[in-house]
Amino acid sequence: MKKEFLVIVSILIISGISCNSQTKSDAEKQVTNITSMVKANSPGYTSTNPEYYFKAKINGKDWVADEFMVNDGGGIVGQTKDGEHFTLPFELRYANEGRITDFQNHAVDIYLNDDIGMWGGHQGKMMFTKVEDNYAEGKFYLTGTATGSDKQLAVTDGVFRIPLTRK
């Protein structure tokens with residue numbers, strides 16, 4: 001009886017390990033499939049390059065987006081390969097040289113792979129420094145805060161150059 005019990009326990013442990021590794025493998029495949037589907041169905045993402053970019057310093061360290069998307073009314077979203085992203089407020093009708101946007105009224109969302117995760121930028125400004133028919137350049141700075149924390153995030157030297165489509 002004791003021997004049969006050990007055999008049954010051994011089978012259950014081996015089955016559990018096999019199922020667990022299978023579930024993890026399936027989960028990894030599902031994450032890959034979902035990520036691919038989201039990218040395929042998110043038109044408008046542009047890889048950064050010397051012509052178009054989105055970058056800043058976060059607490060003194062360089063942060064550079066690998067790609068960005070310009071969504072009229074939805075913002076300028078810069079993101080890295082590891083999922084960090086900024087969303088600056090943007091409406092094409094307000095993309096005029098010299099225009100300043102105060103983040104007190106139009107907040108910035110920042111997601112970082114840190115102990116806070118989601119930061120809100122309600123202190124700071126963005127200014128369009130150059131606007132042509134097919135592109136706009138600007139700069140920004142802000143202080144980010146997080147609900148339930150007294151930590152702050154200093155974003156300085158923020159710059160972007162984005163393509164524009166005017167109708």
Side-chain angles (χ1 to χ4, degrees), residues 27-166:
E28 288 171 347
K29 286 178 187 174
Q30 187 174 12
V31 166
T32 300
N33 291 339
I34 289 170
T35 302
S36 296
M37 181 183 68
V38 168
K39 274 200 164 273
N41 290 295
S42 298
Y45 274 94
T46 302
S47 294
T48 56
N49 57 56
E51 186 177 8
Y52 299 119
Y53 48 84
F54 187 117
K55 52 190 169 183
K57 288 191 183 288
I58 300 176
N59 290 337
K61 293 184 178 182
D62 289 335
W63 186 92
V64 179
D66 294 307
E67 62 183 5
F68 63 90
M69 178 176 62
V70 180
N71 182 359
D72 189 13
I76 304 167
V77 182
Q79 65 183 15
T80 64
K81 290 178 184 167
D82 62 355
E84 293 185 334
H85 64 268
F86 270 75
T87 303
L88 297 174
F90 175 76
E91 287 188 54
L92 183 58
R93 65 186 169 157
Y94 298 125
N96 299 306
E97 203 164 300
R99 171 133 178 124
I100 296 174
T101 300
D102 188 329
F103 296 144
Q104 185 174 4
N105 300 318
H106 306 279
V108 174
D109 293 326
I110 307 164
Y111 176 80
L112 299 175
N113 296 325
D114 63 7
D115 61 328
I116 299 294
M118 186 60 80
W119 296 85
H122 298 278
Q123 297 175 335
K125 296 183 181 182
M126 174 178 79
M127 181 173 87
F128 285 99
T129 56
K130 187 170 188 177
V131 178
E132 298 290 332
D133 286 337
N134 59 345
Y135 74 94
E137 295 177 357
K139 59 186 181 177
F140 62 96
Y141 68 90
L142 63 102
T143 300
T145 58
T147 304
S149 173
D150 58 355
K151 292 183 179 182
Q152 290 192 335
L153 186 75
V155 178
T156 59
D157 302 326
V159 293
F160 60 86
R161 186 169 196 238
I162 57 171
L164 292 181
T165 305
R166 294 196 184 261

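For reference, positions follow the sequence shown, starting with 1.
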Novice: Distance check, rounded to the nearest 0.5 Å: L142 atom CG versus D102 atom CG?
Specialist: 11.5 Å
Novice: Which pair of heavy atoms, one from G74 and one from T87, lies closest together, and at what distance?
Specialist: O-CG2, 3.8 Å
Novice: Calculate, to the nearest 0.5 Å, the distance between atoms CG and NZ belonging to N59 and K151 respectively.
Specialist: 10.5 Å
Novice: Give the minimum heavy-atom separation between Y135 and K130, together with the two atoms involved.
Specialist: OH-CE, 3.2 Å
Novice: Looking only at heavy atoms, what is the nearest atom pair of A95 and F90, with distance?
Specialist: CB-CE1, 4.0 Å
Novice: What distance separates M126 CE from T101 OG1, expressed to the nearest 0.5 Å?
Specialist: 4.0 Å
Novice: Using every non-hydrogen atom in the two residues, find where F54 and T48 come nearest and quote the distance to one decimal.
Specialist: N-CG2, 4.3 Å
Novice: Got a sec, which pairs hit ring pair (Phe, Tyr, Trp, His ring centres under 6.0 Å) with one end in residues 93-126, sequence neighbours left out?
Specialist: H85-Y111
Novice: So does Q104 have more than 12 non-hydrogen atoms from other groups sitting under 6.0 Å from CD?
Specialist: no
Novice: Are side-chain heavy atoms of V108 and P89 found at a separation under 4.5 Å?
Specialist: yes
Novice: Locate the shortest heavy-atom distance separating F140 from A56; write the atom from each residue and the value.
Specialist: CZ-CB, 4.0 Å
Novice: Applying side chain to side chain contact (heavy atoms under 4.5 Å, CB included), name anything that partners A136, two or more places apart in sequence or on another chain.
Specialist: F128, V131, I162, L164
Novice: Going by the rule side-chain hydrogen bond (donor to acceptor under 3.5 Å, both in side chains), which residues pair with T80 if we only count those two or more places apart in sequence or in a different chain?
Specialist: D82
Novice: Measuring only between side-chain heavy atoms, which start at C-beta, is W63 closer than 4.5 Å to F86?
Specialist: yes
Novice: Taking all non-hydrogen atoms of both residues, which atom of Q79 and which atom of Y45 are closest, and how far apart?
Specialist: NE2-CE2, 3.3 Å
Novice: Side chain to side chain contact (heavy atoms under 4.5 Å, CB included) for Y53 and V64? Distances and angles first, verdict last.
Specialist: CA-CA 8 Å; Y53 48 84; V64 179; over 6 Å; no
Novice: Do E91 and D72 pass the side chain to side chain contact (heavy atoms under 4.5 Å, CB included) test, and can you show the C-alpha distance, the side-chain angles, and the key distance before you say yes or no?
Specialist: CA-CA 5 Å; E91 287 188 54; D72 189 13; 4.0 Å; yes
Novice: Is the backbone N or O of K57 less than 3.5 Å from a side-chain atom of D157, with the two atoms forming a donor-acceptor pair by type?
Specialist: no
Novice: First locate atom CG of N49, then atom CD of E67, and finally report the distance between them rounded to the nearest 0.5 Å.
Specialist: 12.0 Å
Novice: Report the distance from atom OG1 of T129 to atom CZ of R161, rounding to the nearest 0.5 Å.
Specialist: 10.0 Å
Novice: Just how far is it from atom CZ of F160 to atom CD1 of I76, taken to the nearest 0.5 Å?
Specialist: 4.5 Å
